[in-house]
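Atoms considered below: every heavy atom in the structure, side chains included; atoms not considered: hydrogens, waters and symmetry mates. Proteins get letters first, then strands, A, B, ... in listed order; numbering begins at 1 in each.
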Amino acid sequence: MSKRSTSASPKHAPALDESAHIYLIDGSAYIFRAYFAMFKASQARGASFTRSDGTPTGAVMTFCNMLWKLLREGLDDGKPTHVGVVFDHSGESFRNEIYDAYKANRDEPPEELVPQFPLIREAVRAFGLTPIEQEGYEADDLIATYVAQAKGTGAEITIVSGDKDLMQLVGDDVSMYDPMPGNERRIGRDEVVKKFGVGPDKVVEVQALAGDSTDNIPGIPGIGVKTAAQLIEQFGDVETLLERAGEIKQNKRRENVIQYAEQARISRKLVELDSEVPLEHPLEELGSPEVDGKKLIAFCKAMEFTTLTKRVADAYGLDMDKVAADESLAPDGEPAEDADDDETTDGAPGPAHLATHRAKAIRDIPIDRDAYETVTTLERLNEWLARAREQGYFAFDIETTSLSAMRAEVVGVSMALKPGEACYVPMAHRKADELDFGDANGLAQVPRDAALEALKPVLEDDGILKIGQNLKYDYLVLLGLGIEMRAIDDTMLISYALDTGRGTHGMDELARRHLGHTCITYKEVAGTGKAQVTFDLVPIDKATAYAAEDADVTLRLWLMLKPRLAAEGMTAVYETLERPMVPVLARMEHYGIKVDRDALSRLSGDFAQKLGALESEIYELAGEEFNIGSTKQLADLLFGKLGYPGGRKTKTGAWSTGARVLEDLVADESLTEAQRQLPIKLLEWRQLSKLKNTYTDTLPDYIHPDTGRIHTSYSLGSVRTGRLASTEPNLQNIPIRTREGRQIRTAFVAQDGHKLISADYSQIELRVLAHIADIQALKRAFAEGLDIHAMTASEMFGFPIEKMPPEIRSRAKAINFGIIYGISAFGLAQQLGIPRSEAGEYIKKYFERFPGIRDYMEEMKAEAHDKGYVRTIFGRKIHFPELETATQAARGNFERAAINAPIQGSAADILRRAMIRMPDALAEAGLSARMLLQVHDELIIEAREDEVEPTIDTAVQIMSAANEPAVDVSVPLKVDARAADNWDDAH
DNA sequence: AAGTTTCCCTA
DNA sequence: GTAGGGAAACTTG
C-alpha cells in the first residue's frame with residue numbers, strides 16, 4: 001500500500017438514485033491509447049513532455065487534462081454526480097488461469113510510460129478520488145461489476161472508454177464515451193451494432209468466435225467479426241452454434257467450427273466480463289467530482305504542468321504562487337549525478353539505481369561472436385521480426401556498400417533482441433572471382449526486396465522502438481528505398497547528450513568505455529587500403545560476426561545509457577534537441593543542393609590560367625623552380641637562399657610561411673619594392689590554389705549522378721558545443737570573404753522555378769551572451785536595434801555612434817568576438833596586430849565598462865572547475881574533464897572553451913529548435929519549401945518562386961521564436977532573410 | 001598505406 | 001582567444 005493512500009480522503013457523494021449520473025473511467029486503457037495516439041506523435045515533432053529532472057510526464061499530463069475537463073464540464077450530457085477511476089492491476093488476472101496465453105502478445109509498456117503509472121494514480125488522488133484496482137481483475141471486470149450493481153439504482157451510467165471489450169455492457173441506462181482527444185464520441189447501442197453487427201447482449205458471442213489478436217484471444221480461425229455476427233444472427237449464441245455446427249453450409253467453416261469448438265468456449269470465457277467481483281470499494285464509495293483546488297495545484301506544480309496549474313488556479317480563484325508544489329512528488333532539485341541509493345517516493349529503485357544496476361548486469365554477459373545467427377530464409381527473418389514486435393524494441397543496423405548514405409546499396413541488416421541474442425540477415429552478398437570463400441561459405445541469403453518488404457512495416461511502426469548507433473545514416477539509406485523509420489533511439493546521441501566532452505561517441509569507443517569490449521574493426525573483415533572490398537564481398541560468416549556484434553553492442557549500450565538520461569536529468573535535451581534532428585537532417589541531406597557544374601569548371605579553368613601565370617612569375621622572382629605548395633621548400637628558399645627576414649616559427653621549430661608571415665613581408669619597409677613582389681605573388685597563388693584545390697576542383701566530384709545535386713553529410717555528436725559539422729563535402733566553409741571566393745557561392749543555385757532563401761540570425765552569439773550574462777547595456781542596444789560594434793566602440797573610446805570611424809568600430813568588433821571566444825591579451829593582440837600590453841589595456845577598459853561580462857566569465861570558469869561541466873540555456877551539458885588534470889599552461893585554453901561553450905552552444909540549440917520545427921511549420925503553411933543547408937547561424941531553404949514571400953515569413957517567424965516556449969531570451973532574436981537564384985546573391 | 005603538420009576556408 | 005573540415009606536403013611504418 002502506498003504511503004499516501006491514507007491521506008486520500010474521498011468526499012461524500014450524494015445518494016445513488018435516478019438523479020445520479022455515474023462516470024466509470026477506464027484509466028489503464030486511456031493511458032495506453034493516449035500515449036500511442038498523441039503523446040508519441042507530439043514527441044516525434046519535438047515537443048517536450050519531460051519534467052526538469054527528466055521524468056517523462058506526457059501521459060500524466062494528458063490524463064490530468066482529460067480528468068479535469070471531465071469533472072469540471074462533464075461530457076455531452078451534463079456533469080457527473082459520482083466518479084470512479086478504474087485501473088488494471090499489474091500482474092495476471094483470472095483469465096490467465098483459463099488461458100495462459102491471454103494477452104501474451106502484449107508488448108511491455110513503453111519505457112517512458114512505466115514511471116508514469118504510479119504518478120497517474122497520484123494524479124487521481126490529487127483530484128480527490130481513489131484509484132480503484134483489484135488484484136486478479138482487470139479494470140473491465142471492475143467496471144462491469146459497478147455497472148451491474150448500479151443498474152438497480154436507476155442511475156445513469158457512462159463508461160468513459162473507447163475499448164470495444166466494454167461494449168457488451170451498453171444498455172438502457174448505460175452508454176460509453178470515448179474521450180480520445182480529437183475523436184471524442186458517445187457510444188450507444190447503434191455504435192455497438194455498427195462495430196459488431198449485433199446488439200450489446202450478443203457482443204461476447206461475436207467476440208468469442210472472431211477472437212482478438214491484441215488480447216491474444218484465439219476465436220475460430222477463418223471467422224472474423226462479419227462472419228461471426230452472421231452466425232450469431234442465425235444461431236443465437238456460441239453454445240447453440242457449436243451444438244448445431246453440422247448445419248453450417250460452407251465446408252471449411254463447418255470443419256473449423258467443429259474442430260475449434262473448445263477454443264471458442266474458452267474465448268467466450270475470456271471476453272465475458274466478470275460482473276460479480278467482490279468490490280473492495282463498494283458502489284456507494286464512488287467519489288464526487290468536487291475538486292480541492294489547492295491539492296490539485298500542488299500536484300500540477302510538482303509535475304511542472306504550467307498551463308494546467310494556471311487553469312486550475314483560475315477556476316478556483318486561487319493565486320498559484322501561493323500554493324507550494326507537492327514536495328513528496330516534486331523533483332529533488334539538482335538531479336542525481338551519483339547513481340547510488342536513490343529511491344522513488346514509493347521506495348522503488350529510481351532511474352539512477354536502474355542505470356548502475358543495468359550497467360553491471362550487462363557488462364557481465366560475455367560477447368560471443370560465434371553465437372550469432374545468420375538468417376538465410378524469409379521465414380526465419382519473419383520469426384525474428386515477430387519477436388521484435390512482441391518485445392517492442394530491438395537494436396538495428398544496416399550494412400551497405402558505401403559510407404556515403406546517398407550512394408549506399410543495402411547488403412544486409414543485423415538486429416539484436418537481447419544482449420547476446422543477435423543475428424545478421426545477408427541479402428546481397430556476392431562472390432568475387434578473385435576471392436575464394438570456400439564451400440562452407442555458401443551464399444544462402446534472403447532476397448533483398450523480400451527482406452526489405454518484411455522489414456518495412458516494423459521499421460515504420462511507431463510502437464516498435466528501433467535502436468541504432470548513428471541512425472541518421474540508416475534513416476537516409478532507407479529513405480531512398482521508400483521506408484520512413486519511426487520510433488527511434490540513437491545510442492550515439494544518447495551518449496552525446498550525457499557525455500559531451502568526455503571523449504567521442506563512436507560505437508567502437510563506447511564499447512570500450514562502457515563494455516570493456518573491443519569490436520571487430522571494419523578493416524578486419526573488409527581488408528585495408530587497395531585490397532579493401534565493399535561489404536557485399538565480405539564472406540557471410542565474417543559479415544555475421546561483424547554486423548551482429550554491432551547490433552548486440554548497440555543494444556547493450558542502449559540498455560546501459562538510456563536509464564542514465566532520466567537519472568542525470570538529460571532526457572529533455574536528448575528528446576528535444578538530439579533525437580528529432582535525425583529525420584530533419586536526413587531529409588536535408590536527401591534533398592541536397594543543386595550545383596552548377598559548368599560554372600565550377602569555368603572557375604577552375606580561370607584559376608588554373610592565373611595560377612600558371614603566377615607560377616612563372618614566382619619562379620622568375622625566386623630565380624629557380626620549386627614546389628610552391630611545399631612550405632618546407634618555400635621556407636628554405638625565402639629565409640635561406642633569398643635571405644628574407646624570418647618571422648615566426650611553427651610549434652615544431654620550422655620557419656612559418658603562413659599568410660601572416662607573408663603579409664608582414666609585404667609590409668616590411670626594410671625590403672625593396674622588388675623584394676616585396678615575391679610575397680605578394682605567393683599570397684595570390686595561395687589564395688587561388690586554395691580555391692581551386694579545395695572547392696572548384698573537388699566539389700564537382702560530389703555531385704550525385706542521379707540527382708545532379710550535392711548531398712553533404714551533417715554529423716551529430718561530433719562538436720562539443722552542440723553545433724553540427726558538415727562533411728563530404730563540408731558546405732559550412734564555402735568562401736565568402738573575397739570576390740574570387742564568392743564566385744564559388746554563385747555556383748550553388750536553386751532548381752528551375754525556385755529560389756534559394758538564406759535566413760540568418762544577426763549577431764546571435766552576442767545576443768545570447770547579453771542574455772546569459774545579463775548585461776543591461778547590451779540588451780538595451782539590441783532592443784533598440786543599434787549597431788552593436790559601434791555601440792561598444794562608443795562606450796569604450798567615447799566617439800558618438802553616428803560618427804564612428806570604421807577602424808575604431810572594427811577594433812570594437814574584434815573585441816566583441818574576443819569576448820565570445822574567452823578573450824586573452826595575447827589573442828587580441830595578434831588579431832589586431834598591436835602590442836600585447838595595448839591589448840591588455842583594451843580588455844581592462846572593456847571590463848570596466850561591462851563588469852557583468854567579467855563576472856560571467858569568472859562564473860563559467862568556476863562552474864567548469866567545480867562541477868566539471870557548463871550548461872547551455874536549454875540544459876545541454878558540456879563536460880570539461882581536462883580541467884582537473886590540466887597543467888597551469890594548458891588550463892587557459894580549457895577555461896576559454898568553458899566560457900565559449902554556453903554561448904556557442906546556446907546559439908546552436910536555438911538553431912536546432914528552429915530546424916526541428918521548420919518542416920512542419922512550412923507544411924502547415926501549405927508551402928512546399930525545403931531546408932537544404934545549415935551553416936551555424938544560417939539556414940538555406942529552397943522555395944518555389946511563387947511561394948518565396950510566405951516561405952520567408954514562415955522561416956523568419958520560426959527562427960525568431962525558436963527559443964520559445966522552453967526558455968525566455970531577454971533579447972530579440974533578429975533574423976535576416978532574402979531570396980535569389982544563387983547562394984551568393986541570397987546571402 | 002597511414003598518420004602528422006601546415007595552411008586556410010567557414011561561423 | 002571559440003568551434004569545425006580538408007587538401008597537400010611530409011613523415012613514419
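Side-chain proximity of A/Tyr821 to the nucleotides C/dA7, B/dA11, C/dG5 is greatest for B/dA11. Listed nucleotides: C/dG1, C/dG5, B/dT5. Nearest to the side chain of A/Phe826: C/dG1. Comparing B/dT5, C/dG4, C/dA7 against the side chain of A/Arg720 picks out C/dG4 as the nearest. Checked against C/dG5, B/dA1, B/dC7, the side chain of A/Ser715 finds its nearest nucleotide in C/dG5. The side chain of A/Asp937 sits closest to B/dA11 out of B/dC9, B/dA1, B/dA11. Candidate nucleotides C/dA3, B/dA1, B/dT10 were compared by shortest atom distance to the side chain of A/Pro735, and B/dT10 ranks first. Ranking C/dG5, B/dT6, B/dT10 by closeness to the A/Ala725 side chain, first place goes to C/dG5. Comparing atom distances between the A/Asn733 side chain and each of B/dC8, C/dG4, B/dT5 picks out C/dG4 as nearest. The side chain of A/Arg896 approaches C/dG1 more closely than any other nucleotide in the set C/dG1, C/dA3, C/dA7. Each of C/dG1, B/dC8, C/dT2 was ranked by its minimum atom distance to the side chain of A/Ala897; first place goes to C/dT2.
A/Asn730 places its CG atom 17 Å from the P atom of C/dA3, with the value rounded to the nearest Å. Look at NZ on A/Lys651: it is 11 Å from P on B/dC7, rounded to the nearest Å.
Side-chain atoms of A/Lys845 come within 3.5 Å of backbone atoms of A/Met796 as a donor-acceptor pair (strictly under, hydrogens ignored).
Heavy atoms of A/Ala814 sit under 4.0 angstrom from at least one base atom.
Applying the 4.0 Å criterion to OP1 and OP2 of C/dA8, one finds that A/Asn693 has a side-chain N or O inside that range. The phosphate of B/dT6 (OP1 or OP2) has no side-chain N or O of A/Ser656 nearer than 4.0 angstrom. Between A/Arg686 and B/dC8 there is a side-chain N or O to OP1 or OP2 distance below 4.0 Å. For A/Thr657, a side-chain nitrogen or oxygen approaches OP1 or OP2 of B/dC7 to under 4.0 Å. Within the structure, every side-chain polar atom (N or O) of A/Arg660 is placed at least 4.0 Å from both OP1 and OP2 of B/dC8. For the pair A/Asn627 and C/dA9, the criterion of a side-chain N or O lying under 4.0 Å from OP1 or OP2 is met. At the phosphate of B/dT6, OP1 or OP2 sits under 4.0 Å from a side-chain N or O atom of A/Thr650. One finds no side-chain N or O of A/Thr631 lying less than 4.0 angstrom from the OP1 or OP2 phosphate oxygen of B/dT5.
Note that CE of A/Met931 is 8.0 Å distant from CG of A/Leu585, once rounded to the nearest 0.5 Å.
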Test log, rule salt bridge (Lys or Arg N to Asp or Glu O under 4.0 Å), inputs A/Glu884 and A/Arg502: CA-CA 13 Å; A/Glu884 278 184 32; A/Arg502 295 168 168 165; over 6 Å; no
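For B/dA11, the base has a donor-acceptor partner in the side chain of A/Arg723 [N/O atoms by modelled type, under 3.5 angstrom].
Ring geometry, A/His704 versus A/His711: the interplanar angle exceeds 60°, so the pair is classed perpendicular (tilted spans 30 to 60°).
Donor-acceptor pairing under 3.5 Å is lacking for the side chains of A/Asp984 and A/Thr746.
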